[in-house]
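All remarks here apply to the structure that follows.
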Amino acid sequence: MRVLLISTAHPLEENPLPPLSLAYLAAALESNGFEVQILDFLVTRYRPEKVRQKLEEYRPQLVGVTCVTLNYHLAAEMLEVCKTFDPGIVTVIGGPHVSFTPRETLLEAPWIDVVVMGEGDTTFIELVRTLDGGGSLDSIAGIAFTDKGVLVKTESRPLIEDIDSLPFPARHLIPMSRYQALGMPCTVITSRGCPYGCIFCTARHIFGRKVRFRNPGLVVDEIEKIQRDLGFQLINIVDDTFTVNHPHAYQVCEEMLRRNLNINWSAFARVDNMTDELAALMKRAGCRMVLFGVESGDEQILKTIKKGITLDDVRKGVKIATDAGMRVYCSFIIGLPGESHDTIQRTISFSDEINRKYGVEYGYHMLAPLPGTELYEKADDLGIRIFSNDWADFDANRPIVETETMTREMAQEAINYYNDLLEDAWTEIKRGAAEGNQEWIARLEQKESIGFIWSLLQEDIFDDMCTASAVTGPNPAEAEAQLAHQIAGRLALPDDTVQRQVRRLVQEGLIHLVPESEGFRWQWQDSPVP
Ligand code: B12
Ligand code: SF4
């Protein structure tokens with residue numbers, strides 16, 4: 001059976017990272033002998049014609065799409081495009097939104113044939129195998145579908161016990177050079193699950209409360225492969241909490257050191273499980289940044305959301321991490337149960353405090369109550385009123401909730417305040433850069449470069465220029481100058497700015513020339529995306 005997997009677009013602010021979900025699913029398919037391709041809309045502009053073109057070329061018998069809450073509507077739309085193109089295509093959706101909304105999804109989007117709920121690796125293989133052999137769906141645990149108008153939800157799927165049995169993610173099917181061009185890290189997971197019970201989070205409902213750890217040797221084999229074969233020097237460990245089990249975290253770090261990997265990485269962690277020893281080891285092993293969920297500067301809210309930490313834990317945790325020499329990023333949520341003018345002020349002054357004392361960077365998001373979370377299920381009891389039923393509004397950037405003591409305007413004011421701070425920080429960076437501060441110059445260049453590559457990807461500029469008719473030449477140096485000139489024209493940017501960017505892409509081997517009869521044609525270094 002031929003399978004096409006599609007990742008759903010989301011905005012640049014959400015940092016497009018290589019989609020591990022699809023890479024794991026594709027690896028499972030390949031190792032079971034099925035044919036699979038990935039269409040990755042995180043790094044190319046989504047247009048329905050691109051989906052149709054892919055269907056035309058590849059003729060998949062099954063299309064599977066991944067999404068989160070905020071881009072669910074787009075994922076459903078893509079599957080409608082597939083069904084309309086060929087009603088014989090089996091349409092499947094999975095991920096941390098539909099896992100908790102199978103009924104609504106199947107009712108709202110009747111062109112979706114199957115919802116895969118929770119951990120998908122084994123379920124998906126069974127599904128594809130069953131469809132391939134003409135068997136019945138009832139026997140497959142962990143899915144929902146409609147049978148003659150009746151919704152069928154099968155029994156839940158037990159979690160995979162030995163996650164070392166999973167093949168390495170099939171990154172060769174993902175256009176990794178585009179992520180590299182954007183300066184994004186490569187994602188790796190060393191464990192699945194989270195033992196904590198934060199009421200706003202869906203993570204443990206997908207991968208369970210009992211954390212399953214990968215063999216550190218295999219993890220580092222994978223990282224080594226990413227470094228060697230793909231050239232990434234930046235890794236993001238996306239475990240829910242990398243620091244949850246010290247022996248595991250120690251072994252991963254020690255193995256990185258033993259093999260002298262010399263790679264930079266970042267990880268999600270909790271303030272209450274940082275120790276001086278672990279932080280020092282992480283730093284030595286290449287960890288440049290830890291990301292802590294702090295959520296609120298109000299002790300009572302931290303209790304209500306079952307975060308299991310106090311503000312003193314935060315002070316201690318961030319101090320340990322910054323003392324060890326790592327950058328620290330803390331995220332906060334505005335609009336949690338019990339939020340009021342006073343609690344918002346506490347969050348503002350607490351984030352300011354850890355910024356001043358420890359140099360912590362931080363971000364604010366609005367509460368988006370996500371299906372599958374205790375907060376969503378018990379919103380009424382928790383005094384949360386939700387003002388939108390359009391999932392596209394659940395992007396954590398707009399005020400869609402009120403508490404008994406917080407209006408949406410108050411939440412918006414807090415975010416405006418934060419955005420003003422960000423703007424001031426950028427003004428400061430620009431001023432410092434103008435005065436020759438090397439660190440700020442590098443920050444500005446990085447921002448400019450991300451913006452440039454994102455425009456290239458989202459405007460399809462580079463891809464248009466890579467079509468067979470867009471021949472450039474007659475020699476590589478001139479081809480490069482021509483490419484830069486053409487892009488500068490399309491983006492209305494000065495030639496020299498674009499030349500610098502194009503030079504970098506060529507030097508890093510992310511784009512290359514393919515000889516043609518009349519000159520050369522440019523191409524991304526890896527698998528093309530339409
Ligand atoms: C890394 C990460 C990010 C990264 C990158 C996301 C990316 N593109 O990969 C960054 C930091 C950018 C990010 C941003 C955000 N994230 Co995030 N993120 C994660 C994290 C920690 C790991 C994701 C991951 O790679 N997991 C590993 C893979 C293998 O697991 P998986 O994606 O769940 O896939 C498995 C199953 O779900 C299923 N499956 C998934 N898709 C499909 C498709 C098919 C066809 C099938 C059959 C099965 C299937 O099978 C897979 C293999 O078992 C998760 C938490 C978690 N533990 O998953 C949160 C998580 C996905 N993020 C979440 C959220 C809310 C966000 C933000 C909205 C945050 C914000 N702004 O406040 C943004 C939204 C960005 C977006 N649109 O994705 C939520 C999503 C919940 C929801 N219902 O939407 C999660 C679950 C965490 C939580 N708080 O509950 N995130
Ligand atoms: S917010 Fe972090 S610690 Fe809390 S349940 Fe989710 S993944 Fe676990």
Side-chain angles (χ1 to χ4, degrees), residues 3-11 13-25 27-29 40 42 62-72 74-75 79 91-101 114-125 127-128 142-143 157 159-160 163 166 169 179 184-185 187-189 191-207 209 211 236-241 244 266 268-270 272-273 291-293 295 305-309 331 333 363-373 376 391 394-397:
V3 178
L4 175 65
L5 295 173
I6 310 183
S7 69
T8 313
H10 61 64
E13 302 84 71
E14 301 300 350
N15 294 326
L17 295 178
L20 262 189
S21 50
L22 297 191
Y24 266 108
L25 296 172
L29 288 169
D40 187 358
L42 291 174
L62 184 150
V63 178
V65 174
T66 188
C67 66
V68 291
T69 299
L70 69 92
N71 56 15
Y72 156 74
L74 204 56
L79 285 177
T91 49
V92 184
I93 194 163
H97 174 72
V98 294
S99 289
F100 309 107
T101 55
V114 182
V115 175
V116 170
M117 298 174 295
E119 187 166 56
D121 317 67
T122 319
T123 313
F124 198 45
I125 291 300
L127 175 68
V128 173
I143 62 169
R157 156 87 43 189
L159 293 166
I160 299 162
I163 57 170
L166 297 170
Y179 291 94
M184 295 295 159
T187 40
V188 171
I189 197 159
S191 68
R192 285 187 177 186
C194 176
Y196 298 95
C198 311
I199 67 170
F200 56 88
C201 175
T202 61
R204 73 181 184 288
H205 304 291
I206 297 273
F207 285 152
R209 276 194 105 137
V211 189
N236 185 4
I237 295 186
V238 300
D239 299 26
D240 290 323
T241 312
V244 69
S266 57
F268 298 103
R270 275 180 63 100
D272 57 343
N273 41 48
L291 300 100
F292 294 125
E295 328 304 357
I305 62 171
K306 302 186 186 161
K307 186 73 198 177
I309 56 171
S331 68
I333 304 175
Y364 288 3
H365 272 107
M366 305 258 195
L367 175 67
L370 301 169
T373 62
Y376 180 77
W391 296 124
F394 285 56
D395 63 0
N397 289 320

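For ligands, and for the atoms within them, numbers begin at 1 and follow the listed sequence.
In summary, no N, O or S atom of Cys201 is located under 2.8 Å from atom 4 (Fe) of ligand 2.
In terms of protein heavy-atom proximity, atom 87 (C) of ligand 1 is closest to Thr202 OG1, 4.3 Å. Regarding atom 55 (C) of ligand 1, its nearest protein heavy-atom neighbour is Asp240 OD1, 3.4 Å. For atom 36 (C) of ligand 1, the closest non-hydrogen atom of the protein is Gly118 O, 3.5 Å. Scanning the protein for heavy atoms near atom 7 (S) of ligand 2, the closest one is Asp240 CB, 3.5 Å. Atom 67 (C) of ligand 1 has Glu14 OE1, 4.3 Å as its closest protein atom, hydrogens excluded (heavy atom only). Closest to atom 20 (C) of ligand 1 among all protein heavy atoms lies Val238 O, 4.4 Å. Of all protein heavy atoms, the one lying nearest to atom 52 (C) of ligand 1 is Asp121 OD1, 3.3 Å. Annotation: atom 42 (C) of ligand 1 to nearest protein heavy atom, Gly94 C, 3.4 Å. Residue, atom and distance of the protein heavy atom nearest to atom 3 (S) of ligand 2 are Arg270 NH1, 3.5 Å.
Close N/O approach between Asn15 and ligand 1 is not found [any backbone or side-chain N/O within under 3.5 Å]. Considering backbone and side-chain N/O of Ile93, none are found under 3.5 Å from N/O of ligand 1. For ligand 1, none of its N or O atoms has an N or O atom of Leu370 under 3.5 Å away.
In the vicinity of Cys201, heavy-atom distances shorter than 4.0 Å reach the ligand 1 atoms 88 (C), 89 (N), 90 (O). Ligand 1 places these atoms under 4.0 Å from at least one heavy atom of Leu25: 42 (C), 43 (C), 44 (C), 46 (C), 48 (C), 49 (C). Residue contact check: Thr66 has heavy atoms under 4.0 Å from atoms 40 (C), 41 (N), 42 (C), 43 (C) of ligand 1. Within ligand 1, the atoms closer than 4.0 Å to a non-hydrogen atom of Glu119 are 53 (O), numbered from 1 in the order shown. Those atoms of ligand 2 that come under 4.0 Å of a heavy atom in Cys194, given as number and element, are 3 (S), 5 (S), 7 (S), 8 (Fe). Interface atoms of ligand 1 facing Val116, defined by a heavy-atom separation under 4.0 Å, are 47 (C). Atoms of ligand 1 found under 4.0 Å from any heavy atom of Ala396 (numbered from 1 in listed order, with element): 72 (O).
The parts of Cys198 lying near ligand 2 are both backbone and side chain, judged by heavy-atom distances below 4.0 Å. Contacts between His10 and ligand 1, counted as non-hydrogen atom pairs separated by less than 4.0 Å, involve the side chain only. Of all the heavy atoms of Leu17, the ones lying under 4.0 Å from any atom of ligand 1 are found in both the backbone and the side chain. Within the 4.0 Å heavy-atom criterion, neither part of Asn397 lies near ligand 1. Contacts with ligand 1 closer than 4.0 Å are made by backbone heavy atoms (N, CA, C, O) of Val65 only, the side chain lying farther away. Heavy atoms from both the backbone and the side chain of Thr69 come within less than 4.0 Å of ligand 1.
Of the listed residues (Gly64, Gly120, Ala368), the one carrying the non-hydrogen atom nearest atom 50 (O) of ligand 1 is Gly120. Distances from atom 68 (C) of ligand 1 to the heavy atoms of Leu70, Val92, Leu367, Ile163 show the closest one on Leu70. Of the candidates Phe200, Phe207, Tyr24, Phe207 brings a heavy atom nearest to atom 35 (C) of ligand 1.
The protein reaches atom 72 (O) of ligand 1 closely, with a heavy atom under 4.0 angstrom from it. Within a 4.0 Å radius of atom 3 (C) of ligand 1, the protein has no heavy atom. For atom 63 (C) of ligand 1, no protein heavy-atom neighbour is found at a distance under 4.0 Å. Distance check for atom 44 (C) of ligand 1: a protein heavy atom is found below 4.0 Å. The protein does not reach atom 6 (C) of ligand 1 closely, with no heavy atom under 4.0 angstrom from it. By the definition of a contact as any protein heavy atom under 4.0 Å away, atom 39 (N) of ligand 1 is in contact. Distance remark: protein heavy atom not present below 4.0 angstrom from atom 91 (N) of ligand 1. Inside a 4.0 Å radius of atom 48 (C) of ligand 1 there is at least one protein heavy atom.
Rounded to the nearest 0.5 angstrom, Ser99 OG and His205 NE2 are separated by 11.5 Å. Between the CG atom in Leu166 and the CZ atom in Arg192 there is a gap of 5.0 Å [rounded to 0.5 Å].
When atom types are taken as modelled, the side chain of Glu295 and the backbone of Lys307 share no donor-acceptor pair closer than 3.5 angstrom.
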